[in-house]
Amino acid sequence: MIFKESQAAFPLDSPPLLITPDRNDLIAALENAEIEHKTINDNRIAFFGKAFGCDIRFLFSIHFDSSKVRFIEILRDTKSCNSIEASFKELSEILKKQYGEPHVVTSSSIGGLPCERWTTSDYILDHYTSDRFGITEHLRISFNNK
């Protein structure tokens, strides 16, 4: 993917890809790399991959407006874990290895699990649970405004 050196980017391990805030770059990169992806609607695409140097297969759901990536929502199949708590703890440890201790931790009423936030120079990672159709684990990545 071609991008400006000063442009923010979130790296994926597999497929090897840098996701930048530019929507057009993302779609071109997916198509050029022949990465199977699904268009959910005019403002969202999704594909499977890996990140954070781990072997967990994630679903990357990219939400965007007409020109920019608004955020990346990363979901995982928790069926491979014994519980939402075990899944949350495992991903939290992976993120701590990658980014250190969370910069912000707040309590959550959903399943008693915390909300964790890491801030990098390029993006903010929010790890939390929500109850939309049952308790689910989320990792949301938002690019910093530069």
Side-chain angles (χ1 to χ4, degrees), residues 1 3 7-23 25-66 68-146:
M1 173 182 273
F3 66 99
Q7 188 175 21
F10 176 75
L12 299 184
D13 300 333
S14 173
L17 182 69
L18 289 173
I19 299 175
T20 69
D22 187 308
R23 174 186 184 258
D25 283 354
L26 171 64
I27 292 172
L30 289 170
E31 290 172 357
N32 289 339
E34 298 179 356
I35 296 167
E36 185 178 329
H37 61 282
K38 182 175 182 176
T39 300
I40 308 300
N41 58 40
D42 290 341
N43 297 320
R44 194 171 105 187
I45 59 174
F47 58 93
F48 288 98
K50 295 182 180 180
F52 314 114
C54 70
D55 289 328
I56 298 171
R57 185 172 183 238
F58 296 106
L59 174 64
F60 293 93
S61 180
I62 314 295
H63 299 251
F64 45 83
D65 59 26
S66 61
K68 296 289 180 193
V69 172
R70 289 182 37 230
F71 62 90
I72 304 164
E73 186 174 30
I74 301 175
L75 304 168
R76 72 181 280 193
D77 180 5
T78 55
K79 293 175 186 160
S80 61
C81 288
N82 293 334
S83 66
I84 191 76
E85 292 84 2
S87 176
F88 191 92
K89 183 178 178 182
E90 179 183 26
L91 184 53
S92 181
E93 290 303 314
I94 289 166
L95 294 170
K96 287 175 185 176
K97 285 181 185 175
Q98 185 85 22
Y99 300 102
E101 290 297 316
H103 298 107
V104 177
V105 178
T106 59
S107 62
S108 169
S109 60
I110 307 298
L113 295 167
C115 295
E116 302 172 312
R117 172 174 277 187
W118 288 265
T119 303
T120 74
S121 61
D122 287 346
Y123 47 85
I124 297 168
L125 298 98
D126 288 305
H127 184 213
Y128 59 96
T129 55
S130 70
D131 191 355
R132 289 190 282 189
F133 310 106
I135 297 176
T136 54
E137 178 181 16
H138 298 267
L139 180 58
R140 183 176 176 153
I141 298 174
S142 305
F143 288 104
N144 291 330
N145 294 327
K146 288 190 172 190

Return all side-chain donor-acceptor pairs below 3.5 angstrom for residues 88-97, not counting sequence neighbours, or 'none' if the list is empty.
residue : atom : partner : partner atom : Å
Glu90   : OE1  : Arg76   : NH1          : 3.3
Glu90   : OE1  : Arg76   : NH2          : 2.8
Ser92   : OG   : Glu116  : OE1          : 3.1
Ser92   : OG   : Glu116  : OE2          : 2.7

Taking only residues two or more places apart in sequence or in another chain, which ones pass ring-ring contact (aromatic ring centres under 6.0 Å, His included) with His37?
-> none

CD1/Ile19 to OH/Tyr123 distance, rounded to the nearest 0.5 angstrom?
-> 10.5 Å

Judged by atom type as modelled, is there a donor-acceptor pair below 3.5 Å linking the side chain of Asn43 to the main-chain atoms of Asp65?
-> no

Side chains of Phe52 and Leu139: does their closest heavy-atom pair fall under 4.5 Å?
-> yes

Under a 4.5 Å cut-off applied to non-hydrogen side-chain atoms, are Leu113 and Glu85 in contact?
-> yes

Nearest-0.5 Å distance, NE2 of residue His63 to CD1 of residue Ile45 | 10.5 Å

Examine Phe71 together with Phe60 and report whether their ring centres are nearer than 6.0 Å.
-> no

Begin from the C-alpha positions of Phe58 and Leu75 and carry the test side chain to side chain contact (heavy atoms under 4.5 Å, CB included) through to its verdict.
-> CA-CA 6 Å; Phe58 296 106; Leu75 304 168; over 6 Å; no

To the nearest 0.5 angstrom, please state how far the CD atom of Glu36 sits from the CG atom of Leu30.
-> 11.5 Å

Can you tell me if His103 uses its side chain to pair, donor with acceptor, with the backbone of Thr119 under 3.5 Å?
-> yes

Would a distance-only check, ignoring hydrogens and angles, find a side-chain to backbone donor-acceptor pair under 3.5 Å from Thr120 to Asp122?
-> yes

Verify side chain to side chain contact (heavy atoms under 4.5 Å, CB included) between His138 and His127, making sure each step is shown before the conclusion.
-> CA-CA 6 Å; His138 298 267; His127 184 213; over 6 Å; no

Calculate, to the nearest 0.5 Å, the distance between atoms CG and OG1 belonging to Leu18 and Thr20 respectively.
-> 8.5 Å

Is the shortest heavy-atom distance from the side chain of Ile72 to the side chain of Phe64 under 4.5 Å?
-> no

Salt-bridge present (Asp126, Arg140; N to O < 4.0 Å) | no

Will you find, in the side chains of Glu137 and Thr129, an N or O donor that is under 3.5 Å from an N or O acceptor?
-> no

Measuring from Ser130:OG to Ile135:CD1, what's the distance to the nearest 0.5 Å?
-> 9.0 Å

